[in-house]
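Numbers for residues simply follow the sequence, beginning at 1. For the numbers below, each heavy atom of this structure counts, side chains included, while hydrogens, waters and symmetry mates do not.
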Amino acid sequence: MKLYLVPSPIGNLADITYRAVKVLEEADLILAEDTRTSSVLLRHYQINKPVTSYHQHNEHKIVQHLLQQLQGGKTMAMLTDAGTPGISDPGFLLVRECSRAGVPVECLPGATAFVPALVNSGIPMNRFAFEGFLPLKKGRHTLFTQLATEERTIVFYESPMRLVRTLSDLIQYFGPDRPCCVSRELTKMFEENKRGTLQEVHDYFAEKGVKGEIVVVVQGKE
């Protein structure tokens with residue numbers, strides 16, 4: 001009886017630990033954010049186990065059913081599409097319910113996108129604030145106003161379709177000269193880390209266009 005949170009590669013299938021593969025091989029049931037995405041990883045490592053969908057649209061409906069199975073002695077492994085479950089992905093709800101019910105939970109160390117983006121940004125990393133995905137409309141102004149005076153390095157995820165707009169907003173609230181780094185397609189063939197001021201990075205992507213998964217790192221206010 002245990003729930004394992006298993007980090008999955010954020011792009012390169014080789015970025016999974018031996019232990020993660022072993023846990024997936026031994027689990028009674030694998031919970032996948034998207035069964036089609038996870039099937040690529042599972043086929044690559046020749047893991048043949050029952051897989052069921054667990055995502056933000058059904059987690060409230062099935063969490064108690066999964067908890068009952070765990071309490072009945074099953075071992076489950078949770079996978080999200082990329083990275084560590086619970087980090088801007090499903091995971092929190094089931095972990096909370098397991099904690100309340102006394103079901104053991106173990107999170108394996110492994111891939112997550114914001115750590116390599118932060119480490120290779122060239123921006124101070126001794127103290128940082130992770131904001132996940134920014135609000136699209138409601139609360140956006142309030143959050144940017146708060147973050148404008150944040151002294152820690154700020155890290156967040158963004159959609160390629162919204163990156164240029166978000167950089168424009170950051171220039172408005174933070175000023176054009178704040179250092180930043182945009183990491184794109186981490187661990188993949190076309191990985192790119194664009195460093196510079198907010199204005200420089202904005203202009204670069206406004207001209208070039210944006211593709212792939214995005215992590216933005218912005219230096220805190222001095």
- request: Report yes or no: does Thr197 contribute a side-chain atom to a donor-acceptor pair with the main-chain N or O of Cys180 at less than 3.5 Å?
  value: no
task: Identify the two heavy atoms, one from Leu170 and one from Val218, that lie closest to each other, and give their separation to 0.1 Å.
output: CD1-CG2, 4.2 Å
query: Can you list the residues that meet the salt bridge (Lys or Arg N to Asp or Glu O under 4.0 Å) rule with Glu213, with sequence neighbours excluded?
result: none
- request: Evaluate side chain to side chain contact (heavy atoms under 4.5 Å, CB included) for Asp34 paired with His55, printing each intermediate quantity in order.
  value: CA-CA 7 Å; Asp34 187 324; His55 47 72; over 6 Å; no
task: Can you label the angle between the Tyr157 ring and the Phe114 ring as parallel, tilted or perpendicular, going by 30° and 60°?
output: tilted
- prompt: Do Tyr45 and Leu24 touch side chain to side chain, with heavy atoms closer than 4.5 Å?
  reply: no
message: Between Ser99 (side chain only) and Val95 (backbone N and O only), is there a donor and an acceptor less than 3.5 Å apart?
response: no
task: For residues Asp89 and Ala82, report the shortest heavy-atom separation together with the two atoms involved.
output: OD2-O, 3.5 Å
task: Examine distances only and state if a side-chain atom of Glu131 and a backbone atom of Phe156 form a donor-acceptor pair shorter than 3.5 Å.
output: no
- prompt: Do Asp169 and His202 come close enough that some side-chain heavy atom pair is under 4.5 Å?
  reply: no
message: For a quick check under 3.5 Å, do Glu191 and Asn193 share a side-chain donor-acceptor pair by atom type?
response: yes
task: For Arg184 and Lys211, indicate whether the former's side chain and the latter's backbone hold a donor-acceptor pair under 3.5 Å.
output: yes
message: So which atom in Ala20 and which in Val6 form the shortest heavy-atom distance, rounded to 0.1 Å?
response: CB-CG1, 3.7 Å
- prompt: Are any non-hydrogen side-chain atoms of Leu94 and Leu31 less than 4.5 angstrom apart?
  reply: yes
query: How close do Thr112 and Val115 get, heavy atom to heavy atom, and via which atoms?
result: CG2-CG2, 3.5 Å
message: Check this for me: does any side-chain nitrogen of one of Arg100 and Glu97 sit under 4.0 Å from a carboxylate oxygen of the other?
response: yes
task: Could you grab the distance from atom CD of Glu200 to atom CZ of Arg195, nearest 0.5 Å is fine?
output: 13.0 Å
- prompt: Considering only heavy atoms from C-beta outward, does the side chain of Tyr4 approach that of Leu108 to under 4.5 Å?
  reply: yes
task: Begin from the C-alpha positions of Val51 and Leu79 and carry the test side chain to side chain contact (heavy atoms under 4.5 Å, CB included) through to its verdict.
output: CA-CA 10 Å; Val51 180; Leu79 286 172; over 6 Å; no
